[in-house]
There are 2 protein chains.
Amino acid sequence: MQRVTIAQVAERAGVSTATVSRVLSRRGQVSAAVERKVRRAADDLGYQVNVIARALRNSRTDTVGMVVPSITNPFFTSLVESVEHALGKEGKELFLCDARSDPRIEARRLASLAARNVDGIIVSPSHGVDSRPAVQQTADRLPLVQLDRFVDGTTTDWVGVDDVAAMRQVMDHLHDGGARSAAFIGSLMTHSSTEQRFAGFRRRAEELNIEVKPDQVLLGDYSVEWGEAAVARLIAEGGLPDALVCADDLIALGATRACRAHGFVVPQQVQVTGYDDIEFSRLAEPALTTVHQPRDRIAAEAVRLLAAASLAKDAERGPHARISLVPTLVVRDSTRATQTPPDRI
Amino acid sequence: MQRVTIAQVAERAGVSTATVSRVLSRRGQVSAAVERKVRRAADDLGYQVNVIARALRNSRTDTVGMVVPSITNPFFTSLVESVEHALGKEGKELFLCDARSDPRIEARRLASLAARNVDGIIVSPSHGVDSRPAVQQTADRLPLVQLDRFVDGTTTDWVGVDDVAAMRQVMDHLHDGGARSAAFIGSLMTHSSTEQRFAGFRRRAEELNIEVKPDQVLLGDYSVEWGEAAVARLIAEGGLPDALVCADDLIALGATRACRAHGFVVPQQVQVTGYDDIEFSRLAEPALTTVHQPRDRIAAEAVRLLAAASLAKDAERGPHARISLVPTLVVRDSTRATQTPPDRI
DNA sequence: CACCTCAATGCAATCGATTACAGTCGAGTT
DNA sequence: AACTCGACTGTAATCGATTGCATTGAGGTG
């Protein structure tokens with residue numbers, strides 16, 4: 001159970017700990033003969049560096065921390081996977097934390113990551129406002145990149161997609177399919193992502209002359225249940241519009257399900273769109289039209305930014321980057337294809 | 001950017017580092033006046049312990065490592081969430097790793113966790129045989145609990161569900177619904193979970209006199225795609241049996257989808273069952289009948305075992321525990337309820 | 001042959017927090 | 001008054017790996 005230390009390897013090889021360290025970390029000059037002896041001894045004893053001790057000395061851990069609002073949301077899960085993959089190429093590891101969509105838990109996680117001397121942090125903040133203190137404070141102490149969502153009024157690097165451009169594509173597509181009225185189902189405006197998506201939705205709706213009744217903008221949270229509840233409410237309060245634009249796929253899946261449960265045919269009577277392109281969106285009945293986020297690109301950019309920030313020490317930190325990538329619309333069966341003759345033109 | 005150390009706090013408070021440490025870690029006697037001074041100084045400077053240094057000294061990190069085959073599989077994701085929750089109550093944190101279903105990556109992760117001095121490891125091994133060396137080796141060095149799946153021939157603690165009992169429930173239910181023949185769609189027999197589930201399936205099928213054609217046992221992997229492919233193959237090779245018993249929900253979702261795509265009505269013409277009860281199983285069309293795993297219980301037991309193992313030092317490690325919990329069948333719409341008169345009796 | 005250079009190696013300090021041990025001091029005992 | 005006890009506090013060692021500086025010695029130069 002007790003671990004093998006560098007001192008034991010040194011003794012066995014008949015050299016000093018300094019030499020062992022030089023061999024094992026490939027720094028400094030060591031004669032071939034000694035190198036062989038040391039490696040031999042290390043292998044025999046099954047030596048493994050103590051990452052903790054090394055980290056203390058080097059104040060580098062080769063570990064990046066990541067905090068997401070919810071690990072059960074498939075979008076974040078696959079984002080995490082992409083990030084881990086990107087980090088792997090740099091020989092770094094990922095320390096993943098779930099904030100349970102609670103800014104207080106999020107703050108604890110961030111503090112804990114900082115205390116662990118991670119080399120940098122990637123965070124998708126849980127709340128557009130309440131997450132600010134913790135995020136800003138953490139960003140002051142070490143490299144930090146916000147992903148997908150961002151906190152209002154913070155100055156850190158950010159990588160995400162252009163929600164407004166995405167919504168323009170969605171609306172154009174729905175319009176092509178004959179939609180003349182639409183509802184928006186999102187989360188409370190406490191996430192930048194909902195804000196942006198709603199802004200894009202509203203602007204393009206106006207331009208295309210698609211009607212959006214004030215009481216058909218429903219805000220809850222990112223969950224299947226909320227999608228179901230929102231549709232139930234719409235139906236109870238006067239019926240469905242031509243299209244339901246949802247701020248994420250979970251909501252859209254719930255919405256679709258509720259439509260069908262209430263006897264509405266998707267997409268003939270109501271078109272439904274999602275956002276994120278999680279795996280299950282393709283399995284729904286009907287398969288969901290949604291916005292595909294380029295997760296690998298997002299992850300790669302985030303990792304690149306972190307690496308850059310680690311190099312540029314304190315003083316010389318330049319202005320922060322805001323990288324927004326262009327997402328693509330994935331047309332499936334929950335909307336009407338352009339070819340389909342619209343119902344009422 | 002540079003961190004505040006205990007020495008700076010000590011200087012500011014006009015005491016020694018020892019005293020500061022005693023105050024901050026609530027150990028040893030310190031007069032009220034001094035305590036106040038120290039806390040004051042610590043707050044003023046925004047002191048935060050350096051977890052790395054503490055870990056080096058104490059050789060405890062209050063961190064548990066967890067390795068799962070795939071973080072994109074919703075079952076594991078929710079298991080992770082449960083574990084994190086259970087650990088939180090003990091003031092411990094979770095370091096999560098994804099093995100990408102590859103025993104080699106898994107081995108690297110395990111080694112890396114050990115090098116980081118985690119206090120214990122929870123692993124759901126990727127492979128029933130190839131994972132052995134790494135798992136056993138790691139278990140020899142620190143407390144380790146296997147979750148859900150386990151590796152053949154290892155002697156470590158394990159927590160999971162009684163797959164055989166679960167399959168008995170599944171088969172009884174299908175039989176009640178009139179099934180007289182069935183196919184099994186699972187992963188290759190490289191996971192203990194598939195093995196156990198198949199064993200339970202086969203045994204109960206015999207007892208109930210349900211026909212299982214040898215070529216209707218299809219083994220692939222835990223994925224939606226495989227479920228789809230397997231059904232396509234069954235149809236091509238002579239048609240579907242009365243029931244499709246799937247080793248997990250992803251497979252079942254794919255299978256259901258394929259059935260419908262080929263014009264088979266579920267559950268009237270084919271009954272389908274899953275395993276795990278992931279969230280999306282309830283959203284499928286039709287909603288999936290599946291086996292619910294008591295994730296919170298599993299997680300709690302695992303955490304308890306780890307804590308126990310950490311206490312009992314080396315020598316006195318008793319025999320290893322194998323805890324199997326009883327899962328429950330969740331009947332939804334992809335099978336025929338008992339009441340429904342079977343088609344052909 | 002005296003002296004210099006440079007590769008190879010060892011010594012010891014260092015990272016930051018914890019803690020065994022020792023010293024100080026005031027109050028209580030005899 | 002001398003002594004004991006215990007509450008506080010400080011000194012310094014410790015965890016394990018890394019690294020600046022010093023040392024050694026072989027080979028080269030004038």
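Below, chains carry the letters A, B, ... as their sequence lines are ordered, and counting in each starts from 1.
Scanning both residues, A:Ser101 and A:Ser126, for their nearest heavy atoms gives CA-OG, 3.6 Å. When all heavy atoms of A:Thr77 and B:Ile71 are compared, the closest pair comes out as CG2-O, 2.6 Å.
For the 3.5 Å distance criterion, the side chains of A:His127 and A:Arg132 fail to qualify, holding no donor opposite an acceptor. Side chains of A:Thr154 and A:Thr156: no donor on one and acceptor on the other come within 3.5 Å.
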Protein heavy-atom contacts under 4.0 Å, written 5' to 3' over nucleotides 16-24 of chain D as B (base), S (sugar-phosphate only) or - (none), form the string BBBBB----
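Between A:Arg104 and A:Asp102, at least one side-chain nitrogen of the basic residue sits less than 4.0 Å from a carboxylate oxygen of the acidic one, meeting the salt-bridge criterion. The pair B:Arg12-B:Asp44 counts as a salt bridge, with a side-chain nitrogen and a carboxylate oxygen less than 4.0 angstrom apart.
Taking the six-membered ring where the residue is Trp, A:Tyr222 and A:His191 present parallel rings, their angle staying beneath 30° rather than reaching 60°.
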Output one line per pair: protein atom, nucleotide atom from nucleotides 5-8 of chain D, and distance, for all N/O pairs under 3.5 Å.
none

